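Down below is the structure, laid out as structure tokens.
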Amino acid sequence: MAEVTNTGHEQRQIRVEKLKNMEAKGINAYPQIYRPTDTSASLREKYASLPNDTQIDDVVKVAGRVRAVRNSGMFIDVYDATGKIQIYTSLEQATESMKEMLGFLDIGDIIGVEGTVRRTKRGELSVASRQITMLAKSLLPLPEKFHGLTDTDTKYRQRYLDMIMNPETTETLIKRSNIITAIRQLLLGKGLLEVETPLLHVIKGGATAKPFITHHNALDMDLFLRVAPELYLKRLIVGGLPGVFEIGRNFRNEGIDTRHNPEFTMMEVYRQYNDYTDMMTLFEQIVETACMAVNGSLEIELNGRKINLKGPYPRRSMADLVKEYTGVDFMSIQTDEEARAAAKELHVAVTDDTDWGHCLAAVFEEKCEDHLIQPVHVIDHPKSISPLTKEHRNDPRLVERFETFINTWEMCNAYSELTNPIDQRARFEEQVKAREAGDDEADMMDEDFVTALEHGMPPTGGLGVGIDRLIMVLTSNPSIRDIIAFPTMRKK
RNA sequence: GAGUGCGUAGCUCAGCUGGUAGAGCACCUGACUUUUAAUCAGGUGGCCCUGGGUUCGAAUCCCAGCGCGCUCACCA
């Protein structure tokens, strides 16, 4: 190597040269297979009682990524998914091919090592190498070992680097998977059927949200990426399935912040002959099960605050909470005009056509949500903000709905599902009016769904859980981008 | 979408009221069978995010743009 230069690009060049040299010597730097016999964890377990400065004859094969090289290759730190394995190489005993391989090694390479088990003088369990095999030559330098990778942009765009450098990132992603698995098993154990419904919707429905629009060429038809699976899952209930759930992606064309990603994971459950109170119990079980699966306890700490996830959670009506935090009793307010006046009195912005229900909801959002740290079911929402929910059995202004709040975040949304087709059509018509008045989040008329209801849907309880939010709570991550492996990023 | 902070070596960061850039790690050369962020000596490495402007002179000041963070708005 004549000239030695050292930009990132040139560090790569040096490694490419090594790769060429390896190939010239007939070494495949990207072999088809290598089968380790042990992991870092299995060795630590098996040889826990091996004394210092002792070597035994057991031959093992381990594999992982080179993270540090000390003493010209005498000590190499290799990491696999279970942790560190130190590789010890005695130059006196090393074969020529091993010495040659040491010369090719760089931090970041993935290698396999065959050797005997040894604990060094300093007490580090090691593999005394007999043979080192290149499993994947790394051509690019890793971030600095001590400070790691902190640049958020790089962490999100090159998540694999974040995972290599920051174990807690990997841990969070594993917890995410375990949470979803735990929830799935809980629901399957209750006899619910996991189903899949369309992501491409002809009509936007199931939630008040702005959709992404795409186009099908052969049909020459615009389609919406779903904002919610609700209307299809209910059709399956009409069809006679007693209970279904779906865990999958929803897409909403809205802002991005620490709690919102344009695509996010929603779980929805529908169960016949259930009402919203059954869904409250179900949600408590989901939270408890998921929390135990990853934390082993129901006490968690978030933003320095202790939160107890043990159910049952208190049930507080929206109007009741508004009364508690503002002193205003919306249930005693009869007209829209009075409701608007009450909202304005509380400095909550409303327009001249905001109705009683929207006023109540707006006041709740502004004045109450921030207080809801410990889990609480906020129940009995106003009818006008709930187009898919059955009227409350005791009050026609309300519906049988709840949203559970934890850490001020809305974690779920659940109803006694509206099954009356005449009522449903009227609610859709209200939505259409709102839509024509400029509310592009309002629902569209879904005739096909109304037709399904006209055939008869049994009383049904439904529950939608924001899985990402739940994972944020259960892993104590304040940003949704830290619990989604590949969050949506601007084009660079 | 608005406000605000940030953008300097592969990574983590310094860089004063303007005077053409520095450290640690990584990398290269050498020493050392000794280690745990190994150590020691020597070295390489920069479109200072991009484009304009002010100035004799800009990483630094001004304007615009791009990207990221945070807060707010919309929302789960």
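Given the structure is predicted, the values throughout are model-derived calculations rather than measurements. So you know, we letter chains A, B, ... as the sequences are listed, proteins then strands, and number each from 1.
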Closer to the 5' end of RNA chain B via nearest nucleotide, is it A:T488 or A:W409?
->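 Final value for this comparison: A:T488.
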5'-most contact on RNA chain B: A:T154 or A:A209, nearest heavy atom basis?
->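 Upstream on the strand: A:T154.
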[X] side chain N/O closer than 4.0 Å to the phosphate oxygens (OP1, OP2) of [N]?
X: A:R70; N: B:U35; answer: no
X: A:K18; N: B:C28; answer: yes
X: A:T150; N: B:C13; answer: yes
X: A:K145; N: B:A26; answer: yes
X: A:T152; N: B:G69; answer: no
X: A:R157; N: B:C68; answer: yes
X: A:K84; N: B:U35; answer: no
X: A:R122; N: B:U36; answer: yes

If pairing requires Watson-Crick or G-U wobble contacts with both distances under 3.5 Å, which nucleotide is the partner of [N]?
N: B:C47; result: none
N: B:G5; result: B:C68
N: B:U54; result: none
N: B:U29; result: B:A41

Measure from the side-chain heavy atoms of [X] and tell me the nearest of [options].
X: A:Q86; options: B:C68, B:U35, B:C13; answer: B:U35
X: A:T208; options: B:C28, B:A76, B:A26; answer: B:A76
X: A:T120; options: B:U12, B:A26, B:U36; answer: B:U36
X: A:D153; options: B:C74, B:U35, B:C68; answer: B:C68
X: A:E124; options: B:U35, B:G69, B:C27; answer: B:U35

Angle class for the A:F364/A:F405 ring planes (parallel below 30°, perpendicular above 60°, tilted otherwise)?
->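 Ring orientation, 0 to 90° scale: perpendicular.
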State yes or no: are the ring centers of [X] and [Y] separated by less than 6.0 Å?
X: A:F402; Y: A:Y313; result: no
X: A:H201; Y: A:F224; result: no
X: A:Y270; Y: A:F245; result: no

Salt bridge check: are A:E400 and A:K390 linked by an N-O gap of less than 4.0 Å?
->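 Salt bridge absent between A:E400 and A:K390.
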Do A:D278 and A:R271 meet the salt-bridge criterion of a basic N to acidic O distance under 4.0 Å?
->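 No, A:R271 and A:D278 are not salt-bridged.
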Rounded distance in Å - [atom1] ([X]) to [atom2] ([N]):
X: A:E254; N: B:A76; atom1: CD; atom2: C1'; result: 9 Å
X: A:E10; N: B:U29; atom1: CD; atom2: C1'; result: 17 Å
X: A:Y88; N: B:U36; atom1: OH; atom2: C1'; result: 15 Å

Same-atom distance (C1') from B:A58 to B:C47, integer angstrom =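 Roughly 15 Å separates the two C1' atoms.
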Under 5.5 Å between ring centres and under 30° between planes: does that hold for A:F264 against the base of B:A76?
->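 Per 5.5 Å and 30° rule: yes, stacked.
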Checking only heavy atoms, does the side chain of A:D257 share a donor-acceptor pair with the base of B:C74 at less than 3.5 Å?
->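 Donor-acceptor pair under 3.5 Å: yes.
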